[in-house]
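Just so it is clear, the model here is predicted, and its values are computed rather than measured. Quick note on labels: first sequence line is chain A, next is B, and so on, each numbered from 1.
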Amino acid sequence: MNEFLHMGGYARFVWPSYALTLAIVVLNIIWARRSLARARADARRRLLRADAHP
Amino acid sequence: MAWTWFHRLASPPHVYALATRLTPWFAWPAAALIVAGLYAGLVLAPPDYQQGDGFRIIYVHAPSAWMSLMVYVTMASAAAVGLIWRMKVAHAVAASCAPIGASFTVAALVTGSLWGRPMWGTYWEWDPRLTSELILLFLYLGYMALRSAIDEVQRADRASALLAVVGVVNVPIIHYSVLWWNSLHQAPSVMKLAKPEMPAAMLLPLLMMLAGFTLYFGALLLVRLRGEILRRERSASWIREALTE
């Protein structure tokens with residue numbers, strides 16, 4: 001296990017590369033869902049406004 | 001008759017429903033491929049005879065770099081379709097691509113830099129490959145800045161589409177930079193199927209990661225696309241139904 005984490009002496013280059021890439025993978029999922037949720041909320045507000053002032 | 005699929009792809013309600021249905025078909029295979037690719041790349045692949053375990057950065061660097069280019073080509077193609085046929089859905093696709101592409105361009109640049117330090121002895125060099133990839137990042141950022149500077153969606157679509165289409169000249173420059181100029185960056189090792197330069201145990205995890213990232217991009221694009229379609233449909237009655245789901 002220790003040997004695996006050591007990455008043959010390249011640990012301080014390999015692990016930050018993986019951490020950053022996976023962080024960007026996860027963040028993109030969060031950002032995409034948030035972007036859709038915001039668009040849905042805006043659309044819902046527009047519909048309510050249209051109903052109130054036809 | 002042959003053009004019905006094209007007309008349907010121009011119909012926002014149709015595409016919105018299709019995107020909702022298709023997302024899991026991209027997301028789950030993507031997750032499986034990425035998890036398997038990570039395990040194969042980190043554990044099963046043998047260390048490189050020159051670069052030792054440092055070469056394993058390739059399994060996150062190459063997929064990120066691939067994303068940065070593939071997403072740009074998707075964005076520019078969609079932008080061109082949007083400009084030529086005035087297709088709202090195409091503009092929505094283009095707008096969905098930019099943040100995804102920009103973030104993976106950052107990943108490609110930083111992981112490349114972390115790979116360059118032990119192998120080339122430097123984090124950064126004004127090398128053709130590195131410089132053209134940095135220009136790609138600025139193209140994405142410029143595209144997003146231009147969009148956010150224009151309030152009206154239709155005008156933002158047209159202006160940013162023009163920028164995306166013009167910027168596509170940078171893509172072949174990035175791809176061929178390592179062949180046209182003397183570059184620190186190594187020449188492509190995957191896109192030469194006739195004479196592969198990697199043994200299967202190293203190549204397979206890479207292909208899994210590339211396929212996984214591509215499907216993952218599909219899933220992200222479909223989720224963002226739904227939001228972008230909603231933003232472009234002001235008072236369509238189908239939205240009421242779409243929102244009650």
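Other residues, nucleotides and ligands contribute only 12 or fewer heavy atoms inside 6.0 Å of the CH2 atom of B/Trp25. Surrounding CZ of A/Phe4 are more than 12 heavy atoms belonging to other residues, nucleotides or ligands, all under 6.0 Å away. For B/Trp28, the CH2 atom sits in a loose shell: 12 or fewer heavy atoms of surrounding residues, nucleotides or ligands are nearer than 6.0 Å. In the displayed structure, A/Glu3 atom CD is contacted under 6.0 Å by at most 12 heavy atoms of other residues, nucleotides or ligands.
With a 4.5 angstrom heavy-atom cutoff, B/Phe217 does not touch chain A via any of its atoms. Using a 4.5 Å cut-off between heavy atoms, B/Leu38 contacts chain A through its side chain alone, with no backbone atom that close. For chain B, no part of A/Leu27 is nearby; none of its heavy atoms comes within less than 4.5 Å. Interface residue A/Trp15: only side-chain heavy atoms are found under 4.5 Å from chain B. Of the atoms belonging to B/Phe55, not a single heavy atom falls under 4.5 Å from chain A. Contacts between B/Ser64 and chain A at a heavy-atom distance below 4.5 Å involve the side chain alone, from C-beta outward.
For the atom pair A/Leu36 CG and B/Leu222 CG, the distance stands at 11.0 Å (nearest 0.5 Å). A distance of 12.5 Å separates CD1 in A/Ile24 from CD1 in B/Ile100, rounded to the nearest 0.5 Å. Note that the CZ atom of A/Arg46 and the CG atom of B/Leu243 stand 9.0 Å from one another [nearest 0.5 Å]. For the atom pair OG1 of B/Thr111 and CG of A/Leu20, the computed distance is 7.5 Å after rounding to the nearest 0.5 Å. Taken from CZ in A/Arg44 to CG in B/Leu230, the straight-line distance is 9.5 Å, to the nearest 0.5 Å. Taken from CG in A/Asp42 to CZ in B/Arg231, the straight-line distance is 7.0 Å, to the nearest 0.5 Å.
When each of B/Ile229, B/Ile34, B/Leu42 is scored by its heavy-atom pairs under 4.5 Å with chain A, the top score falls to B/Leu42. In terms of heavy-atom pairs under 4.5 Å with chain A, the best-connected choice from B/Ala107, B/Gly54, B/Gly112 is B/Gly54. Interface remark: of the candidates B/Ser103, B/Pro118, B/Gly227, B/Pro118 forms the most heavy-atom pairs closer than 4.5 Å to chain A. When each of A/Ala11, A/Ala37, A/Ala32, A/Gly8 is checked for heavy-atom pairs under 4.5 Å with chain B, A/Ala32 comes out on top. Put simply, of B/Met119, B/Glu228, B/Met67, B/His61, the one with the most heavy-atom pairs under 4.5 Å next to chain A is B/Met119.
Using a distance-only test at 3.5 Å, with no hydrogens or angles considered, a donor-acceptor pair links the side chain of A/Tyr18 to the main chain of B/Arg56. With A/Tyr10 contributing its side chain and B/Gly52 its backbone, the two residues share no donor-acceptor pair below 3.5 Å.
When all heavy atoms of B/Ala242 and A/Arg40 are compared, the closest pair comes out as O-NH2, 3.7 Å. Here the closest non-hydrogen pair linking A/Asn28 and B/Phe104 is ND2-CE1, 3.3 Å.
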